[in-house]
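Each remark here refers to the structure printed beneath this line.
Residues take their numbers from the sequence shown, with the count starting at 1. All figures in this text were calculated on a predicted structure; none of them were measured in a lab.
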Amino acid sequence: MKINNVTLEAVAVEPKGFPESGLPEIAFVGRSNVGKSSLINALINRKALARVSKQPGKTRTINFYNIENNLYFVDLPGYGYAKASKAELAKWGPMIEGYLKKREQLKCIIQLIDIRHPPSALDMQMYEWLRHYGFKMIFVLTKLDKIKRSQVDKHIKVIRTALNLSTGDTFLPFSSETKQGREELLTKIQELIG
């Protein structure tokens, strides 16, 4: 998949702000600061179209990136720790759940997990929730460049075991710094949307 034309088409907190084009959507979920915006920037070959911050909770809206007028990458607020008010945090759950449950254009969920750590309780809860609703899923293990190459298989095994994943689940180690895993992920996305 070649990506040259990308625009941030919609920033929304409720369905009336979502695009109405009917294009397929790929949603990115993960805990705060796991690298969702960095992953999107790496996939679209931009440095900062998706806003990145070292401070967890930078993404506070549902952001729709139009990719080549073919599909949307949808950046969702992270779950878990974020520097936001309790009132704001309380709104994120229903906003994200409403989008995930009701959006017919949603073709796949990409769940991001930091390869350096076992899945958190919130990672597990999100995974079980997504499985319960039967979503097609791809697991992207971020921050690959932060561990030694010799440790990759060990970390993958820990995460696979913790989530009780089957061998058929798509599982891609990824580095936003080096873009390792980029082509494999774009190929998988292309297969999903046809």
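Put simply, Y127 and Y133 are part of the same group of oily side chains (I, L, V, M, F, W, Y) that touch within less than 4.5 Å, one to the next. Linking ILVMFWY residues whenever their side-chain heavy atoms come closer than 4.5 Å, directly or via other members, leaves L172 and V158 in distinct clusters. W129 and I159 end up in the same hydrophobic cluster when Ile, Leu, Val, Met, Phe, Trp and Tyr side chains are linked at under 4.5 Å.
When the salt bridge (charged side-chain N to carboxylate O under 4.0 Å, His left out) test is applied to E68, no partner is found at least two apart in sequence or on another chain. Under the rule for a side-chain contact (heavy atoms from CB on, under 4.5 Å), the partners of N45 that lie at least two apart in sequence or sit in another chain are K179, R182. Judged as a side-chain contact (heavy atoms from CB on, under 4.5 Å), and not counting sequence neighbours, the contacts of L144 are I115, V152, P173, S175, Q180. Every residue two or more places apart in sequence or in another chain was checked for a side-chain hydrogen bond (donor to acceptor under 3.5 Å, both in side chains) with E184, and none qualifies. With sequence neighbours excluded, no residue satisfies salt bridge (charged side-chain N to carboxylate O under 4.0 Å, His left out) with K157. The salt bridge (charged side-chain N to carboxylate O under 4.0 Å, His left out) test applied to E191 returns K188, not counting sequence neighbours. Legend: residues meeting side-chain contact (heavy atoms from CB on, under 4.5 Å) with K102, ordered by chain and number and at least two apart, are absent. Applying the ring-ring contact (aromatic ring centres under 6.0 Å, His included) criterion to F171, with sequence neighbours excluded, gives F139. For E25, the side-chain hydrogen bond (donor to acceptor under 3.5 Å, both in side chains) partners are Y99, R103, not counting sequence neighbours. Applying the side-chain hydrogen bond (donor to acceptor under 3.5 Å, both in side chains) rule to T187 yields no partners; only residues at least two apart in sequence or on another chain are considered. In this view, E9 and N66, Y72 satisfy the side-chain hydrogen bond (donor to acceptor under 3.5 Å, both in side chains) rule, not counting sequence neighbours. In this structure, the side-chain contact (heavy atoms from CB on, under 4.5 Å) partners of E14, at least two apart in sequence or on a different chain, are K16.
The backbone N or O of I44 lies less than 3.5 Å from a partner atom in the side chain of R46, making a donor-acceptor pair. No donor-acceptor distance shorter than 3.5 angstrom exists from the side chain of T142 to the backbone of G35, with no hydrogens or angles considered.
Considering all non-hydrogen atoms of both residues, L71 and M1 come closest at CD2-CE, 4.3 Å. Residues I40 and F73 come closest through the heavy atom pair CG2-CD1, 4.4 Å. Minimum interatomic distance between M124 and P119 (heavy atoms only, all atoms of both residues): SD-CB, 3.9 Å. Across Q105 and L23, no two heavy atoms sit closer than the pair CB-O, 3.3 Å. Listed here is the closest heavy atom pair of P77 and K36: C-CE, 4.2 Å.
By the 6.0 Å contact criterion, NZ on K136 is open, its count of non-hydrogen atoms from other residues, nucleotides or ligands being 12 or less.
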Should L130 and V29 be marked as a side chain to side chain contact (heavy atoms under 4.5 Å, CB included) after you check the CA-CA gap, both sets of side-chain angles, and the distance that decides it?
CA-CA 10 Å; L130 293 168; V29 301; 4.1 Å; yes
Applying side chain to side chain contact (heavy atoms under 4.5 Å, CB included), run through I138 and C108 and close with a yes or a no.
CA-CA 7 Å; I138 297 173; C108 176; 3.9 Å; yes
Take L39 and F174 through the test side chain to side chain contact (heavy atoms under 4.5 Å, CB included) and record every step on the way to the result.
CA-CA 8 Å; L39 171 63; F174 190 91; 3.2 Å; yes
Let me see the working for I110 and M137 under side chain to side chain contact (heavy atoms under 4.5 Å, CB included), right down to the final yes or no.
CA-CA 6 Å; I110 296 178; M137 294 177 65; over 6 Å; no
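Between the side chains of S120 and D123, at least one donor-acceptor pair of N or O atoms lies under 3.5 Å. A side-chain N or O of S37 and one of D75 form a donor-acceptor pair less than 3.5 Å apart. Checking K154 against Q151 by side-chain atom types alone, a donor-acceptor pair falls below 3.5 Å.
Counting heavy atoms from C-beta on, the side chains of Y79 and V34 never come closer than 4.5 Å. Side chains of N69 and N5 form no contact here, defined as non-hydrogen atoms less than 4.5 Å apart. At least one side-chain heavy atom of L43 sits less than 4.5 Å from a side-chain heavy atom of L186.
Taking CG of N63 as the reference point, atom OH of Y65 lies at 4.5 Å (rounded to 0.5 Å). Here the straight-line distance linking atom CZ of R160 with atom CG of L141 works out to 9.0 Å at 0.5 Å rounding. Atoms CD and CZ, on Q111 and R131 in that order, are 9.5 Å from each other to the nearest 0.5 Å.
Electrostatic pairing of R31 and D114 counts as a salt bridge here, judged by a charged N lying under 4.0 Å from a carboxylate O.
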